[in-house]
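Just so you know, these numbers come straight off a predicted model, no measurement behind them.
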Amino acid sequence: MHMFSILSGARVGVKLLVTVVFLVALFAIRAAISAALRRRTPASVEEQGQERRRFWVRQAVQVAAFALLVAGVSVIWIDDPSRFTTIAGLVTAGLAVALQRVVTSLAAYVIILRARVFTVGDRITIGGVRGDVVSLGLMQTTVMEMGEPPGAHSGDPEVWVNARQFTGRIVKVTNDKIFDTPVYNYTREFPYLWEEMHFPIGYGADRARAESILLDITRRHTDPIVQQAKPAFERLRERYYVAEQSQLEPRVYLRMTDNWIELSLRFLAPVHGVRALKDAMTRDILPAFEDAKIQIASTTFEIVGLPTVKVETR
């Protein structure tokens, strides 16, 4: 019995030593590969493509390291191969019950990759967070948060940037959110948005002239964008049913209100740089309206009558 205990202890010691050597070797290899793929800021489109490839290599290394870790430790510590299936089944069942959210996030990670829901660099909204995907892990997606227009503010905490520009916050969202909430992808299949700008003018203003100014300036700023978007839009229509009335060219819509006529300028814009585009267009539209003697309307009150007023003076 004493000899058996010594042999058992020796086997355990050997297994511990082999496990330590295996873990050190595994993490050393992983660290070497990570160092070789160390991130640097891409300066061109080609380098951005290389950065994406490096990211997916890092993802594959993480998955492979995890699989090797589980398989290696199992082979070292399980002497009877016939018991491996039973133990694996019990462990899997226990993990499925105790780590439901973890298992769901892992399943969501596989779906994100297989279904191409989104990838690094995409601009998405997930779990109430809008921004650019900067990292995609087995459990969590990391998003560089961006602001929202005032009418779209939501969530806790609120976003204080009133435009689609970065706030500076890095938000981590668990992958299982794809099962609970919609995922809005702004760049996957059609990296353009239809934007609108609204201009109220008085009923006595030259509406035709105002519309001509808006269209001329918008075409000058967006014609290159429309030409780039046409092939992408055709590919979108080949894959999905998209109504033919979806126009890429800018257009002005009129709406009558109690105080003014509202001109709604609709145009195509890229996902990135919308605020700069609208700023440049506004800086051209305002002087053009001034030259054409077209004033932007505002809420006014016209007094059409007063009751009799009695004034006493000394």
Side-chain angles (χ1 to χ4, degrees), residues 39 41-56 58-59 108-109 111-137 140-197 221-222 224-226 228-233 235-236 239-240 242 246 248 266-281:
R39 179 179 299 178
T41 304
S44 64
V45 175
E46 182 179 355
E47 290 183 354
Q48 290 175 3
Q50 294 176 356
E51 175 61 26
R52 290 203 177 199
R53 286 191 290 272
R54 285 195 293 269
F55 169 81
W56 288 115
R58 286 193 296 268
Q59 294 294 104
Y109 173 77
I111 292 175
I112 290 170
L113 297 184
R114 292 287 298 171
R116 301 181 64 194
V117 179
F118 56 81
T119 186
V120 173
D122 284 356
R123 177 159 292 183
I124 66 170
T125 297
I126 179 173
V129 179
R130 182 191 307 191
D132 289 357
V133 179
V134 295
S135 179
L136 178 59
Q140 294 178 321
T141 295
T142 306
V143 177
M144 172 70 80
E145 183 193 47
M146 67 180 186
E148 297 175 322
H153 281 180
S154 62
D156 182 22
E158 286 193 357
V159 178
W160 62 92
V161 177
N162 295 330
R164 289 187 291 270
Q165 290 183 307
F166 294 134
T167 65
R169 294 192 300 202
I170 299 294
V171 185
K172 291 185 177 293
V173 183
T174 54
N175 294 333
D176 61 344
K177 287 295 187 293
I178 68 171
F179 299 124
D180 303 325
T181 59
V183 177
Y184 301 93
N185 195 319
Y186 297 76
T187 53
R188 167 58 66 179
E189 278 129 341
F190 189 66
Y192 301 91
L193 297 172
W194 277 275
E195 273 286 343
E196 288 190 357
M197 298 172 65
H221 284 274
T222 63
I225 299 170
V226 171
Q228 294 172 6
K230 284 181 178 179
F233 187 68
R235 290 193 297 270
L236 185 69
R239 185 168 183 179
Y240 302 102
V242 180
S246 299
L248 302 183
R266 180 178 170 86
F267 58 94
L268 196 68
V271 170
H272 299 276
V274 177
R275 192 177 195 183
L277 175 63
K278 294 169 73 172
D279 174 76
M281 291 170 55

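A distance of 8.5 Å separates OG1 of Thr187 from CD1 of Ile124, quoted to the nearest 0.5 Å. The NZ atom of Lys172 sits 6.0 Å away from atom OG of Ser135, with the distance rounded to the nearest 0.5 Å. Atoms CE and CE, on Met197 and Met281 in that order, are 5.0 Å from each other to the nearest 0.5 Å.
A donor-acceptor pair is defined here as one N or O able to donate and one able to accept, closer than 3.5 Å; such a pair exists between the side chain of Asn175 and the backbone of Gly137.
Side-chain contact between Leu136 and Tyr109 is present, with at least one heavy-atom pair separated by less than 4.5 Å. Under the 4.5 Å side-chain criterion, counting only non-hydrogen atoms from C-beta, Phe267 is not in contact with His221. Between Val117 and Asn185, the closest side-chain pair of non-hydrogen atoms is not below 4.5 Å.
Minimum heavy-atom separation, Thr222 to Leu268: CG2-O, 3.8 Å. Residue Pro270 comes nearest to Leu277 through the heavy atom pair CD-CD2, 4.3 Å, listed as atom of the first residue, atom of the second, then distance. What you find for Ile170 and Met144 is that their closest heavy atoms are CD1-CE, 3.5 Å. Between Thr119 and Arg188, the shortest heavy-atom contact is CG2-NH2, 3.0 Å. Scanning all heavy atoms of the two residues, the minimum distance from Phe190 to Ala229 falls at CE1-O, 3.9 Å.
Every residue two or more places apart in sequence or in another chain that forms a side-chain contact (heavy atoms from CB on, under 4.5 Å) with Val173 is listed here: Ile126, Val129, Val171, Lys177. Under the rule for a side-chain contact (heavy atoms from CB on, under 4.5 Å), the partners of Gln228 that lie at least two apart in sequence or sit in another chain are Tyr192. For Arg266, the salt bridge (Lys or Arg N to Asp or Glu O under 4.0 Å) test picks out Glu196, with sequence neighbours left out. Under the side-chain contact (heavy atoms from CB on, under 4.5 Å) criterion, Tyr184 pairs with Thr125, Pro182, Tyr186, sequence neighbours left out. Applying the side-chain contact (heavy atoms from CB on, under 4.5 Å) criterion to Asp132, with sequence neighbours excluded, gives Arg123, Phe166, His272. For Arg114, the salt bridge (Lys or Arg N to Asp or Glu O under 4.0 Å) criterion is met by no residue, not counting sequence neighbours.
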